Amino acid sequence: QVQLVESGGGLVQAGDSLRLSCAASGRTFSRYTMGWFRQAPGKGREFVTAIRGSGGSAYYADSVKGRFTISRDNAKKTVNLQMNSLEAEDTAVYYCAALDEELYSSSSYYNRQYMYTYWGQGTQVTVSS
């Protein structure tokens with residue numbers, strides 16, 4: 001079992017930066033690909049970014065590439081999302097999720113939300129224009 005708790009959301013202006021964090025409980029945090037997904041009002045949940053358990057590879061949606069950076073600290077069992085140059089279109093609830101690499105070892109699954117076993121409750125990010 002893995003429990004995930006997000007933090008760091010809030011209300012910012014367009015162009016500002018924000019850093020989200022996700023703290024995980026449970027053992028063997030490094031075996032999980034950690035992803036961030038988001039759901040804007042009236043829309044479905046979409047992939048934002050993910051990082052492999054080793055931290056060696058990271059993946060980004062085109063809409064955030066160059067603005068967002070994902071990182072992880074396996075010793076602290078945390079994953080962070082640094083969001084720069086925020087836009088109104090980034091307004092959404094952001095969810096942290098964990099994908100078990102022992103079940104799904106391929107790196108091609110990183111953006112498939114149904115592959116993620118554990119989810120946090122989400123944190124609201126609102127960007128005013």
Side-chain angles (χ1 to χ4, degrees):
Q1 284 283 351
V2 176
Q3 292 186 325
L4 304 173
V5 179
E6 303 97 335
S7 61
L11 172 63
V12 296
Q13 293 188 334
D16 285 352
S17 297
L18 203 59
R19 183 178 177 88
L20 305 183
S21 294
C22 174
S25 65
R27 297 179 293 178
T28 59
F29 178 67
S30 61
R31 97 184 208 185
Y32 296 93
T33 288
M34 298 301 297
W36 286 95
F37 293 79
R38 67 186 182 186
Q39 187 165 18
K43 296 186 178 180
R45 191 161 55 188
E46 65 175 4
F47 169 76
V48 177
T49 180
I51 187 168
R52 294 280 283 175
S54 66
S57 297
Y59 314 94
Y60 297 91
D62 288 343
S63 58
V64 307
K65 203 170 293 183
R67 299 188 298 122
F68 290 11
T69 303
I70 189 171
S71 61
R72 67 187 294 158
D73 186 329
N74 284 345
K76 296 182 179 179
K77 298 183 181 179
T78 58
V79 59
N80 298 307
L81 179 60
Q82 178 66 42
M83 304 186 294
N84 298 330
S85 303
L86 283 162
E87 304 168 353
E89 292 73 23
D90 296 317
T91 295
V93 177
Y94 283 72
Y95 298 91
C96 174
L99 180 156
D100 193 338
E101 292 179 11
E102 291 192 3
L103 297 178
Y104 308 110
S105 59
S106 172
S107 62
S108 63
Y109 297 144
Y110 66 87
N111 60 348
R112 303 181 190 183
Q113 54 183 295
Y114 59 88
M115 295 291 191
Y116 286 75
T117 307
Y118 303 105
W119 291 81
Q121 293 299 307
T123 185
Q124 177 71 47
V125 172
T126 303
V127 184
S128 64
S129 57

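If you're wondering where the values come from, they're calculated on a predicted model, not measured in any experiment.
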- prompt: Does Phe37 have its ring centroid less than 6.0 Å away from the ring centroid of Tyr116?
  reply: yes
field: Side-chain (Glu6) to main-chain (Cys96) donor-acceptor, under 3.5 angstrom
entry: yes
query: Is it the case that Ser21 and Asn80 place a side-chain donor and acceptor less than 3.5 Å from each other?
result: yes
- request: Each residue besides Leu11 in its hydrophobic cluster should be listed here, by chain and number; the cluster joins Ile, Leu, Val, Met, Phe, Trp and Tyr at side-chain heavy-atom distances under 4.5 Å.
  value: none
message: So, using side-chain hydrogen bond (donor to acceptor under 3.5 Å, both in side chains) as the criterion, who are the partners of Ser17 when residues are at least two apart?
response: Asn84
message: Just so I know, are the side chains of Arg67 and Tyr60 near enough to count as touching, which here means a heavy-atom distance under 4.5 Å?
response: no
Euclidean distance, Ser30 OG relative to Arg52 CZ, rounded to 0.5 Å: 11.5 Å
query: Side-chain donor-acceptor pair under 3.5 Å between Glu89 and Thr91, yes or no?
result: no
message: Quick one, Cys22 and Trp36 - any side-chain contact, counting heavy atoms below 4.5 Å?
response: yes
message: Quick check: do Arg45 and Tyr95 have side-chain heavy atoms less than 4.5 Å from each other?
response: yes
query: Phe68 vs Tyr94 aromatic rings, parallel, tilted or perpendicular, using cut-offs 30° and 60°?
result: tilted
query: Who are the side-chain contact (heavy atoms from CB on, under 4.5 Å) partners of Val2, not counting sequence neighbours?
result: Leu4, Ala24, Tyr32, Tyr118
message: Donor-acceptor check, side chain of Asp73 to backbone of Lys76, threshold 3.5 angstrom: yes or no?
response: yes
query: Given Leu99 and Tyr104, is the side-chain contact (heavy atoms from CB on, under 4.5 Å) satisfied, shown in steps?
result: CA-CA 8 Å; Leu99 180 156; Tyr104 308 110; 4.0 Å; yes
Presence of salt bridge, Glu102 and Arg31, under 4.0 angstrom: yes
Met83/Val125 under side-chain contact (heavy atoms from CB on, under 4.5 Å): CA gap, chis, key distance, verdict: CA-CA 10 Å; Met83 304 186 294; Val125 172; 3.9 Å; yes
field: Check: Leu20 and Thr123 side chains under 4.5 Å, non-hydrogen atoms
entry: yes
- request: Would you kindly say whether Glu101 and Thr33 are connected by a side-chain donor-acceptor distance under 3.5 Å?
  value: yes
